[in-house]
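Within every chain, numbering begins at 1; the chains are lettered A, B, ... in the order of the sequence lines, protein sequences first and strands thereafter.
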2 protein chains.
Amino acid sequence: MTPVRVSVLEERQNADDNSSTMKDGRRSDIREAGLTLFAERGYHATSMGDIGRAIGVKGPSLYNHLKSKQEILIDIMVTTMQDLLAGFDNADSNGEPAERLREVMAEHVRYHALHPRDVRIGNREIPSLEEPARELVLNLRNEYEGKWRELIQDGLDSGDFSIPSVRVAVYAILEMGIGVAQWYRPDGSLSLDQIAALYADMAARLLSAKVTVADSTIEN
Amino acid sequence: MTPVRVSVLEERQNADDNSSTMKDGRRSDIREAGLTLFAERGYHATSMGDIGRAIGVKGPSLYNHLKSKQEILIDIMVTTMQDLLAGFDNADSNGEPAERLREVMAEHVRYHALHPRDVRIGNREIPSLEEPARELVLNLRNEYEGKWRELIQDGLDSGDFSIPSVRVAVYAILEMGIGVAQWYRPDGSLSLDQIAALYADMAARLLSAKVTVADSTIEN
DNA sequence: CCTACCGATCGGTAGG
DNA sequence: CCTACCGATCGGTAGG
């Protein structure tokens, strides 16, 4: 269920090298250290020296494997959005809207539970991205939201869902799932499958509204 | 409904000065500039020179009004949590759990819609806080969550609510409302009252679960 | 409220 | 992969 992805950094390396078999382990070590440190302290509060120290080298040595600190951030944020997009497509089926909703929500929640550092950076460090990467990430995010809007619109059209605003419903559901990254612990009393099912339930309930606002469909 | 609050910075000023009538306008100007810049770029990406420029003075001049950059952040984050706590108590009634839930959720949403910069900083810059302010803010946050847990537990005990996990329900509902700060626009097609009512509806629906997970009450 | 300035730290480069 | 070093920028202070 977890989508297969190739890190942007890894891709760059493969493009530069002829031997795609020789995988520069340092590169993924750096990514991993950046993931932890950016998530804990934030991008601007993390120095290249910090990242170097985390993998046992000095700061300047990192430049043998990348061109800038920014490159690490871009790699993390782009691959995270690509993962979420691929995860949606993987989980989506051609069944009933209600069932499709449960499946993509479960995947959304699983991804956020299993990749808390990635999504935390993804949600906090957008201002730290330089153009054009920032635009790219925002576009990927819009693409992700668009998939959700389509699914929920489908259910609205078929009569399976009943809500006054597709847009608000999408925001509410996505945000709800994002929160899992902040509290999920693998050794908690709820299993990941239980949590995913719980959130799938909650999302499903959200979409069967008894409208109390003035007009039944306000806008999109 | 919006709780009255006194900025920590203002309090400090009043404590230092004898003339509490002479309110140093610069102080709140600085707070306002920090609010905008920290929210847009992040704390570490904002310099004292940036804040000074926003109010028409040089960076060093700011130190006539405060002792450190950190002080601005602390003020913003502490008063934000105090506002949320006071907002909860103000909105809470002694009626039925379902009605109390609707009222505090509407207030939660209104606050996030009307103070997007404050809550954005509040949710992103916790790692930028130095001790002991960090502990203090986390305690206030726990206090806020605790109020929600109590309310939802009340509704569970009285049979008004039906959910497998109070804790998960609180996380889901709070996070849902926090998201409003990221998309609400005063000139949007939905009025703030409509939005608040929508989220109150969604929260109410979340709490009337038909349990699909194995055990009906998993934990707290 | 300003200019001048401090020590520290940053991202990144040179050169080996 | 390292040391040495670069120019830039930072938060904050001195002194007026």
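A side-chain donor from one of Ser47(B) and Asp50(B) sits under 3.5 Å from a side-chain acceptor of the other. Inspection of the Asn123(A) and Arg141(A) side chains reveals an N or O donor paired with an N or O acceptor under 3.5 Å. Side-chain atoms of Asp83(B) and Thr80(B) form no donor-acceptor pair, as typed in the model, at a separation below 3.5 Å.
For dC5(C), the paired base is dG12(D) (Watson-Crick or G-U wobble, both distances below 3.5 Å).
In this structure, Ile30(B) atom CD1 and dG11(D) atom P are separated by 14 Å, rounded to whole Å. Regarding Met48(A), its CE atom lies at a distance of 17 Å from the C1' atom of dA8(D), rounded to whole Å. Distance CG (Leu66(B)) to C1' (dG11(D)): 12 Å, rounded to an integer number of Å. Note: NE2 (His44(B)) to C1' (dG11(C)) measures 16 Å, nearest angstrom. When the P atom of dC10(D) is taken as reference, atom CD of Gln70(B) falls 17 Å away, rounded to whole Å. Regarding Arg27(B), its CZ atom lies at a distance of 12 Å from the P atom of dC1(C), rounded to whole Å. The CD1-P distance, from Ile51(A) to dC10(C), rounds to 11 Å in whole Å. Look at CD1 on Ile55(B): it is 14 Å from C1' on dC2(C), rounded to the nearest Å.
When the nucleotides dC1(D), dC2(C), dG12(C) are ranked by their closest atom to the side chain of Tyr63(A), dG12(C) comes out on top. Which of dT13(C), dG12(D), dC2(C) sits closest to the side chain of Ser68(B) comes down to dG12(D). Closest to the Asn64(B) side chain, of the nucleotides dC1(C), dT13(D), dC1(D), is dC1(C). Set against dT3(C), dC1(C), dT3(D), the side chain of Pro60(B) has dT3(C) as its closest nucleotide. Comparing dC1(C), dC1(D), dG11(C) by their closest approach to the side chain of Val57(B) singles out dC1(C). Among the nucleotides dG11(C), dC1(C), dC1(D), the one closest to any side-chain atom of Arg26(A) is dC1(D). Side chain of Lys58(B), nearest nucleotide from dC1(C), dT3(C), dG12(D): dT3(C).
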> Would Arg26(A) and Leu62(A) satisfy side-chain contact (heavy atoms from CB on, under 4.5 Å), going step by step from the backbone distance to the final call?
Replying inline: CA-CA 9 Å; Arg26(A) 284 303 196 223; Leu62(A) 299 175; over 6 Å; no
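Between Lys147(A) and Glu150(A) there is no salt bridge, since no side-chain N of the basic residue sits under 4.0 Å from a carboxylate O of the acidic one.
Across all strands shown, Ser61(B) has heavy atoms under 4.0 Å from base atoms, whether or not it also approaches the sugar-phosphate.
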